[in-house]
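Take a look at the structure below.
The shown structure was predicted, so the numbers you read here are calculated from the model rather than taken from an experiment.
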Amino acid sequence: MRIVSLAGGIGGARFLRGLLTAAPDSEITVIGNTGDDISLYGLRVCPDLDTVMYTLGGGINEEQGWGRREESHVVKEELAAYGVEPQWFGLGDRDFATHIVRTQMLDAGYPLSAVTEALCARWRPGVRLIPMSDDRTETHVVVSDERGRRAIHFQEWWVRLRASVPAEQIILVGADEASPAPGVLEAIAAADAVILPPSNPVVSIGTILQIKGIREALEGKTVVGVSPIVGGAPVRGMADACLTAIGVETTAQAVLELYGSPLVDGWLVAEEDAGVALDGVDVEARPLIMHDVESAAAIARAALDMAARLASRDATAPTSYGEGAR
């Protein structure tokens, strides 16, 4: 089975670990969000790509869900001693090595997709990890505070401010010029199923969908999404602050409507959200909290089972001539 998944952040990475357990013999391609990418200390940092790579490769800090396990922070402490900013974004010593290699390769002219492939050769995540685009894009957030109305990088709003200042706009800078990375559209075209994990629908999944051609390609496939909202609250993180910024309620119903029925064919919701409905979308309620790999795998199996059922139904649907579809 050929599976494509869009992912960003901790929830997406942990879901993918369950997906690998649920479908160990499948060919899985992960299209990773790069809107969170930022340049720090002269290095290019790709938080979501690295979180997927470390999580699936066995190097993640399990307690916090990002960064490397058995990490130290000597370089960060030395940079702080020199007064180097920003001090609110903490990179560990092991993590620095990844960003140094990435930046060296980018400076040598390699595209981000080739760099990501080279980094994954060490970590062997068990999936093909492709950035959404080789073109540089960055998510910025418009806020108003004591310094006036201004745009700041998403990481400053998310990490330093902890989304405490309301976002007036969330903008993917560079989206208009960005194209899908090599292999993205081809993987979607060849996919038997596309799974949207419980990642942030605005700044993870939503960002990927802004790259031209990706949403259109997905609308021709069987797509099953897993709600990131349970009982009116994010499973983790601050997705509610992002949804509020774009005028969307923090509910499983509202996120489904945000994605829309042209994109999503099936939608998994938590049992407390069993009343969710949208024309053209199959909705199934089940436990959605990922306590461990086994519970994540159970959610992934439910998503794959739904995708298979929907694909089979579509394949046998009668045509205008009353015959089975071929």
Side-chain angles (χ1 to χ4, degrees), residues 1-33 48-71 120 123-129 191-201 204-205 222-237 239 252 255-256 264-274 276 282-311:
M1 188 175 188
R2 289 166 295 190
I3 304 167
V4 166
S5 187
L6 280 57
I10 299 169
R14 289 179 172 172
F15 175 85
L16 290 171
R17 192 160 53 185
L19 182 60
L20 275 170
T21 300
D25 298 323
S26 295
E27 179 184 309
I28 301 174
T29 299
V30 177
I31 302 169
N33 168 47
D48 282 1
L49 294 179
D50 291 345
T51 295
V52 171
M53 184 173 70
Y54 292 156
T55 299
L56 302 186
I60 199 74
N61 182 321
E62 291 287 352
E63 182 176 347
Q64 61 189 21
W66 52 269
R68 293 283 304 279
R69 61 183 174 85
E70 300 177 358
E71 187 62 281
C120 286
W123 289 100
R124 301 183 184 279
V127 302
R128 183 187 182 196
L129 177 61
D192 299 306
V194 177
I195 308 297
L196 305 183
S199 295
N200 191 306
S204 292
I205 304 296
T222 301
V223 179
V224 172
V226 181
S227 175
I229 306 299
V230 172
V235 175
R236 65 171 298 123
V255 174
L256 173 57
V264 176
D265 302 289
W267 188 235
L268 293 182
V269 299
E271 292 166 311
E272 50 264 60
D273 297 314
V276 168
D282 276 35
V283 178
E284 179 181 312
R286 66 165 333 279
L288 286 189
I289 302 301
M290 295 184 289
H291 300 287
D292 48 29
V293 175
E294 288 72 25
S295 54
I299 299 169
R301 287 190 194 96
L304 292 173
D305 288 346
M306 175 178 269
R309 185 171 68 252
L310 292 173

Below 3.5 Å, can you tabulate the donor-acceptor pairs from side chains in residues 285-293 to any protein atom, sequence neighbours excluded?
| residue | atom | partner | partner atom | Å |
| --- | --- | --- | --- | --- |
| Asp292 | OD1 | Glu294 | N | 3.3 |
| Asp292 | OD1 | Ser295 | N | 2.8 |
| Asp292 | OD1 | Ser295 | OG | 2.9 |

[atom1]-[atom2] distance between [X] and [Y], expressed to the nearest 0.5 angstrom:
X: Leu16; Y: Ser5; atom1: CG; atom2: OG; answer: 4.5 Å
X: Ile60; Y: Ile10; atom1: CD1; atom2: CD1; answer: 7.5 Å
X: Arg14; Y: Ile299; atom1: CZ; atom2: CD1; answer: 12.5 Å
X: Ile28; Y: Leu19; atom1: CD1; atom2: CG; answer: 4.0 Å
X: Ser26; Y: Leu304; atom1: OG; atom2: CG; answer: 7.0 Å
X: Ser199; Y: Asp48; atom1: OG; atom2: CG; answer: 7.5 Å

In this structure, are over 12 heavy atoms from other groups packed under 6.0 Å from Glu27 atom CD? no

Is the shortest side-chain heavy-atom distance between Ile205 and Pro197 below 4.5 Å? yes

Does anything in residues 55-66 pair up under side chain to side chain donor-acceptor pair (under 3.5 Å), and if so which pairs, sequence neighbours excluded? Arg17-Glu62

Using modelled atom types only, decide if a donor and an acceptor are shared between the side chain of Trp267 and the backbone of Ala252 within a distance under 3.5 Å. yes

So, applying side chain to side chain contact (heavy atoms under 4.5 Å, CB included) with Leu196, which one of Val4, Val264, Val255, Val224 is it? Val264

